[in-house]
J.: 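What follows is a structure written as structure tokens; I'll ask about it next.
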Amino acid sequence: MVLSHGTGATAAALEWLGFRLAHQGFVALAVDHHGHTGSERYRAEGFLCMWERASDLTAILDDSSWRSQLGVEIDERVFVAGFSAGAYTALLLAGARIAFSQFEPGNPVKSPIRGPQEFPNLADELPKLSQNPVLLASWEGRRGSFSDQRFRRALAIAPGRSVLGFSQDSLRAVDKPVQIICGDDDTVAPPSECGKWLSDNIPGCGYEVLSGGVGHYAFLSEGSEMGREAAPELFLDRQGIRRTAIHDYVSQRAVEFFRGDIRGQ
């Protein structure tokens with residue numbers, strides 16, 4: 001089970017899911033996506049070239065060292081789950097392909113923001129980096145395939161607006177089971193705009209919206225007292241929302257979804 005964090009976060013942001021999956025017999029792996037993670041300085045290239053994140057997860061599967069370090073027998077059925085930008089990553093691995101980057105000038109779906117809260121002026125960085133050979137090489141390859149056939153199923157949690165840049169033709173060609181889970185009070189990635197659009201375009205896609213005032217960041221780990229004081233927008237939920245209960249429920253749904261492959265469902 002390979003996990004992909006959201007914009008500007010770290011692997012630890014999905015510790016809640018990895019921990020619960022491990023207790024159900026899954027091997028859970030996660031990375032910090034270089035240039036797009038809070039574990040290091042943010043890089044505009046990492047935020048603009050989000051398709052590069054898919055290669056991070058492919059690299060995990062290509063590396064055999066962690067298998068021997070675990071010291072247990074591993075079933076080679078591989079699944080992927082991601083939150084927000086991580087959902088975008090999971091869908092790329094399942095076969096989605098890019099028509100437009102979220103902030104490129106020619107994108108017909110105009111973003112209502114200039115960048116995420118972690119990099120609010122991100123769109124302004126694209127012209128500045130237009131001569132950067134590393135960014136140019138990645139940019140020119142953005143419409144290629146990042147699919148990895150080893151990933152058998154994909155769970156997309158609260159997919160963000162970046163998914164609206166996917167080619168509809170590529171979504172209709174996705175031939176792997178995909179499950180989408182969103183929150184009804186998500187104003188960052190409204191389900192009616194993002195999750196529903198995906199479910200309408202991916203054949204046989206499962207789609208569930210959790211009710212009761214579930215916001216975007218309810219799918220992050222619970223915050224400490226210090227975290228709630230420093231970043232209330234990330235760690236404080238609407239009254240009556242128990243983040244632990246949401247995590248328990250989503251984890252159980254994930255187990256059922258991924259075990260469906262093992263049972264041949």
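All heavy atoms count here, side chains included; hydrogens, waters and symmetry mates do not.
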J.: Quick check against the 3.5 Å criterion: does Ser221 have a side-chain atom that pairs as donor or acceptor with the backbone of Ala12?
T.: yes
J.: Begin from the C-alpha positions of Val80 and Asp148 and carry the test side chain to side chain contact (heavy atoms under 4.5 Å, CB included) through to its verdict.
T.: CA-CA 11 Å; Val80 61; Asp148 189 325; over 6 Å; no
J.: Considering non-hydrogen atoms only, spot the tightest contact between Ser211 and Asp184 and give its length.
T.: CA-OD2, 3.3 Å
J.: Verify the cluster assignment for Trp197 and Ile98: are they in a single hydrophobic cluster under the rule of side-chain heavy atoms below 4.5 Å apart?
T.: yes
J.: Same hydrophobic cluster for Val209 and Phe257, using side-chain heavy-atom links shorter than 4.5 Å among ILVMFWY?
T.: no
J.: Give a yes or no on whether the backbone of Ala59 and the side-chain of Asp63 come within a donor-acceptor separation of less than 3.5 Å.
T.: no
J.: Is the shortest heavy-atom distance from the side chain of Cys194 to the side chain of Ile180 under 4.5 Å?
T.: no
J.: Do any N or O atoms from the side chain of Lys176 and from the backbone of Phe151 form a donor-acceptor pair under 3.5 angstrom?
T.: yes
J.: Between Trp66 (side chain) and Ile60 (backbone), is there a donor-acceptor pair under 3.5 Å?
T.: yes
J.: Does the side chain to side chain contact (heavy atoms under 4.5 Å, CB included) test come out yes or no for Arg243 and Leu220, once each step is laid out?
T.: CA-CA 8 Å; Arg243 196 171 286 199; Leu220 290 181; 3.9 Å; yes
J.: Please answer whether the main-chain N or O of Arg97 pairs with a side-chain N or O of Arg143 as donor and acceptor at a distance below 3.5 Å.
T.: no
J.: Using atom types as modelled and distance alone, determine if a side-chain donor or acceptor of Arg153 lies under 3.5 Å from a backbone N or O of Ala81.
T.: no
J.: In this structure, are over 12 heavy atoms from other groups packed under 6.0 Å from Arg67 atom CZ?
T.: yes
J.: May I have the step-by-step check of side chain to side chain donor-acceptor pair (under 3.5 Å) for Ser101 and Arg142, ending in yes or no?
T.: CA-CA 8 Å; Ser101 173; Arg142 70 191 183 282; 6.0 Å; no
J.: Of the non-hydrogen atoms in Ser39 and Thr10, which two are nearest, and what is the gap between them?
T.: N-CG2, 3.7 Å
J.: Treating Thr58 as the side-chain partner and Ser55 as the backbone partner, does any N or O pair qualify as donor plus acceptor under 3.5 Å?
T.: no
J.: Are more than 12 heavy atoms from other residues, nucleotides or ligands located less than 6.0 Å from atom CD of Glu225?
T.: no
J.: Taking all heavy atoms of His5 and all of Thr37, pick out the closest pair and write down the distance.
T.: NE2-CB, 3.9 Å
J.: Could you check Phe83 against His216 for ring-ring contact (aromatic ring centres under 6.0 Å, His included), going step by step and ending with a plain yes or no?
T.: CA-CA 9 Å; Phe83 161 70; His216 190 68; 4.8 Å; yes
J.: Hey, what's the ring geometry for Trp16 with His247, parallel, tilted or perpendicular (30° and 60° as the breaks)?
T.: parallel
J.: Rounded to the nearest 0.5 Å, how far apart are NE2 of His34 and CG of Asp56?
T.: 9.0 Å
J.: Looking only at non-hydrogen atoms, find the nearest pair between Pro191 and Asp186 and report the distance.
T.: CD-O, 3.9 Å
J.: Is it true that Ile181 and Tyr217 fall in one hydrophobic cluster, defined by side-chain heavy atoms closer than 4.5 Å?
T.: yes
J.: Would you mind checking if Arg242 and Asp248 are paired as a salt bridge, meaning a charged N to carboxylate O distance below 4.0 Å?
T.: no
J.: Under 3.5 Å, side chain of Arg228 to main-chain N/O of Gly223, donor-acceptor pair present?
T.: yes
J.: Would you say the side-chain atoms of Tyr42 pair up with the backbone N or O of Gly8, donor to acceptor, closer than 3.5 Å?
T.: yes
J.: Is there a side chain to side chain donor-acceptor pair (under 3.5 Å) between Tyr88 and Gln102? Walk through the geometry before answering.
T.: CA-CA 12 Å; Tyr88 175 93; Gln102 183 176 0; over 6 Å; no
J.: Please check: side-chain N/O of Thr89 versus main-chain N/O of Ala85, any donor-acceptor pairing under 3.5 Å?
T.: yes
J.: Considering non-hydrogen atoms only, spot the tightest contact between Leu14 and Ser4 and give its length.
T.: CD1-O, 3.3 Å
J.: If you group Ile, Leu, Val, Met, Phe, Trp and Tyr by side-chain heavy-atom gaps below 4.5 Å, do Leu3 and Leu92 land in one group?
T.: no
J.: Which pair of non-hydrogen atoms, one from Ala189 and one from Gly160, has the smallest distance, and what is that distance?
T.: CB-CA, 3.6 Å
J.: Between Leu21 and Phe19, is there a side-chain heavy-atom distance shorter than 4.5 Å?
T.: no
J.: Indicate yes or no: does Asp169 engage Arg172 in a salt bridge with an N to O separation below 4.0 Å.
T.: yes
J.: Take Glu52 and Ser138 through the test side chain to side chain donor-acceptor pair (under 3.5 Å) and record every step on the way to the result.
T.: CA-CA 8 Å; Glu52 294 285 354; Ser138 177; 2.6 Å; yes
